[in-house]
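Letters A, B, ... are given to chains in the order of the sequence lines, protein chains preceding strands, and every chain is numbered from 1.
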There are 2 protein chains.
Amino acid sequence: MAHQTVGYPPGLPDDPHAHVEVPTPACPVEITLAVLQGRWTTLVLRELLRGGRAYSELRQALPKLSDKVLSDRLARLCALGIVERDRRAGWPPQVHYALTTRGQRLGPVLQAMWDWGVQGADRSTESRS
Amino acid sequence: MAHQTVGYPPGLPDDPHAHVEVPTPACPVEITLAVLQGRWTTLVLRELLRGGRAYSELRQALPKLSDKVLSDRLARLCALGIVERDRRAGWPPQVHYALTTRGQRLGPVLQAMWDWGVQGADRSTESRS
DNA sequence: CTGAATCCCTGCCGATACTG
DNA sequence: CAGTATCGGCAGGGATTCAG
């Protein structure tokens, strides 16, 4: 099934993905979650949302991030069509990374998560259905 | 650091969380991601967004989900103030689960993820910064 | 009915060292 | 500079079993 009714407390529109019963790529939310999953992934995306960066610049921005994980994240995001790799000729060799337009569309998603994280600090209100 | 600039391609507003360099609870996006992380979590939330459910109803809706994981998810979401537990007297013993208002605020987040997952199917467009 | 406890296994993440 | 190779530790998740 899928998370289609999200945002509609009582009533829910019909959606072909609305009956997913297992966490598979069939559910759009799971797809997005799969992209975002993995430690450091969102931090890398944040950096790239601020503009394209060279590998060394990313390393500099995220000092605690090892080569292996950074490479893994970038390779995975490239494979997913989120990030684009640009190997530039010359010396020293440099590789530039930038978000594809598909990747840039993740902006609103991260923004929504940001907003919830900020206001979520207060857990004062409660309600039941 | 944090993902504050999310959604603002070139320019980025100043934010105290904007300089997080390690994935810690200091970043709102990481907070939200932590809440959503874990297999099955979003599926459980989807079910609850459609209205409060009894434990048995959740099990029925997610047949492939084991008791342990469902219990873990619910307990964790309760601890986070996302879900509220309502132990009802009588026989057979039944426990009702519902989202708190804080939990319901996750609706827009999942909606954004849903939207991206749906349109993300096409990776035709690309661009560089 | 509703969970908590236990066991095992898998995959991720980090550190280190090495190559084009 | 920009990665890849390898190894080990550890936490997450599934199945099964037991308890309130």
Examine the side chains of Q111(B) and D115(B) and answer whether a donor and an acceptor come within less than 3.5 Å of each other.
-> yes
Rounded to whole Å, CG of L70(B) lies from C1' of dG12(D) at a distance of 16 Å
Think R59(A) has a side-chain N or O under 4.0 angstrom from the OP1 or OP2 of dC1(D)?
-> no
Do any side-chain nitrogens or oxygens of R87(A) fall under 4.0 Å of OP1 or OP2 in dC1(D)?
-> no
Atom pair distance, as rounded to whole Å: CZ in R85(B) and C1' in dC1(C) | 14 Å
Measure from the side chain of P92(B), starting at C-beta and using heavy atoms only, and say which of dG13(D), dA2(D), dC1(C) lies closest.
-> dC1(C)
Rounded to the nearest 0.5 Å, what's the gap from CG on L65(B) to CZ on R73(B)? Could you check?
-> 8.0 Å
Rounded to the nearest 0.5 Å, what's the gap from OG1 on T41(B) to CZ on R46(B)? Could you check?
-> 13.0 Å
Spacing between R73(A) atom CZ and dG14(C) atom P, to the nearest angstrom = 8 Å
From Q119(B) CD over to R105(A) CZ, what is the distance, rounded to the nearest 0.5 angstrom?
-> 4.5 Å
Would you indicate, yes or no, if dG13(D) has its OP1 or OP2 atom less than 4.0 angstrom from a side-chain nitrogen or oxygen of S66(B)?
-> no
Is there a donor-acceptor contact under 3.5 Å linking the side chains of Q94(A) and S56(A)?
-> no
Should Y97(B) be listed as having a side-chain N or O under 4.0 Å from OP1 or OP2 of dG3(C)?
-> yes
Separation of dA2(D) P from W91(A) CH2 (nearest whole Å) = 10 Å
Find the distance D67(B):CG to dA19(D):P and express it as a whole number of Å.
-> 16 Å
Quick one: is dG14(D) close enough that its OP1 or OP2 comes under 4.0 Å of any side-chain N or O from W40(B)?
-> yes
Quick one: is dG14(D) close enough that its OP1 or OP2 comes under 4.0 Å of any side-chain N or O from R39(B)?
-> yes
Rounded to whole Å, CG of L74(B) lies from C1' of dG13(D) at a distance of 16 Å
Starting from the 5' end of DNA chain D, give me the residue, P93(A) or D72(A), whose nearest nucleotide shows up first.
-> P93(A)
Touch class at under 4.0 angstrom, heavy-atom based, for S71(A) against every strand present | base
Within the structure shown, what part of the strands sits under 4.0 Å from R76(B) by heavy-atom distance: base, sugar-phosphate, or nothing?
-> nothing
Whole-Å distance, D86(B) CG to dT2(C) C1', equals 14 Å
Which of the following nucleotides, dT6(C), dT2(C), dT6(D), is nearest to the side chain of K68(B)?
-> dT6(C)
Rounded to whole Å, the CG-C1' distance (L58(B) to dC1(C)) equals 13 Å
